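Please read the structure below before turning to the comments.
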Amino acid sequence: MSDLMPTQTIGFAETRDGIRLSYRIVPGSGEGRCVLIHSLAMDKFFWEPTAAALAGASEVLIYDCRGHGVSGKPAGPYSTAQFADDLADLMNHVGWSSAVVAGASMGGCIALAFAAAYPERVDALGLFDTTAWYGENAPAAWAERAEKAQNEGLKALVGFQKTRWFSDGFREANPDVVEAAVSTFLANEIDAYVATCNMLGAADLREALPKFDFPCRVLVGTEDYATPPEMARVLADNIPGATLTILEGARHFTPLEVPATIAGNLQLLIEAAKA
Ligand SMILES: O=C(O)CC1=CCC(=O)O1
């Protein structure tokens, strides 16, 4: 590697309650700073295609949330507020006072919780394939998923997850991406997975939305059955000035299905944050 080539920073940050979070900063030549939060049962590698598509336009901080990847996996219960505090502690560790904050699915819930607790640290907000609330039935539905994982193992969920995450055409054309997501999924520890499912069942960030005062872009696929367009519309309708993009034919994992589109949206947020 040449001396002039910016190097990646990788390491662990410790949270206020002593949990180690694994992170990586992908260098960028632009002035932007962007932190990306992954989906349930994924890890920082979920964002690699998006970071590559950003092509150095921004520094990108990616990390494994608690309970995920190679980060610490304390016993539950987990909460979105706790995951938001983790991100604040990670940003303190890397010396970032603020950033464009974006998340996909579970990551979007964490981004919302972070924006609610630390609004001054959010330059702009990206909400992809996500929701502020999974609905009245959410605690029971998520508990049922957790119970299935506990009783039958994560393997029992793989068929459901593949069609939940990726459109039929994408699965057929990109078996390697699908298999990579499946291996990441299967590497999760059951107790942490269960605690995270129950966290999502209890999540309700709706009250914070009207208070947000930064540029925000909401994006969802027409075929997203996990957080359908109606949920995205609630976000866009309640966050002042938020834009809503509905992508024809995309399913739930848009950062893996259409990384260039997600990078384009992040780019717009980076520019909006500078304005
Ligand atoms: O329902 C799913 O499996 C998709 C999903 C919900 C939250 C998340 O991060 O992924």
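Treat the numbers as computed from the prediction; the structure is a model and nothing was measured.
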Discussion item. Walk me through whether Thr245 and Leu247 qualify under side-chain contact (heavy atoms from CB on, under 4.5 Å).
Written reply: CA-CA 6 Å; Thr245 304; Leu247 290 179; 4.1 Å; yes
Less than 4.0 Å between a side-chain N and a carboxylate O, is that true for [Y] and [X]?
X	Y	result
Arg24	Glu48	yes
Arg33	Glu59	yes
Asp17	Arg66	yes
Asp168	Arg251	yes
Asp191	Lys73	no

Practice prompt. Take the angle between the ring planes of Phe83 and His68 and call it parallel below 30°, perpendicular above 60°, tilted in between.
Written response: perpendicular
Discussion item. Does either side chain, that of Ser167 or that of Glu257, offer a donor lying less than 3.5 Å from an acceptor on the other one?
Written reply: yes
Fill in: Ala111 to Gly103 - nearest heavy-atom pair and separation
CB-N, 4.2 Å
Fill in: Ser39 (side chain) donor-acceptor with Ala104 (main chain) under 3.5 angstrom
yes
Discussion item. Please check if the number of heavy atoms outside Glu136 that lie under 6.0 Å from its CD is greater than 12.
Written reply: no
Worksheet item: Phe170 and Trp165: aromatic ring centres closer than 6.0 Å?
Response: no
Worksheet item: Given side chains that start at C-beta, do those of Leu209 and Leu112 come closer than 4.5 Å, heavy atoms only?
Response: yes
Worksheet entry | Candidates Thr130, Asp204, Thr227, Leu127 - the one meeting side chain to side chain contact (heavy atoms under 4.5 Å, CB included) with Cys109 | Thr130
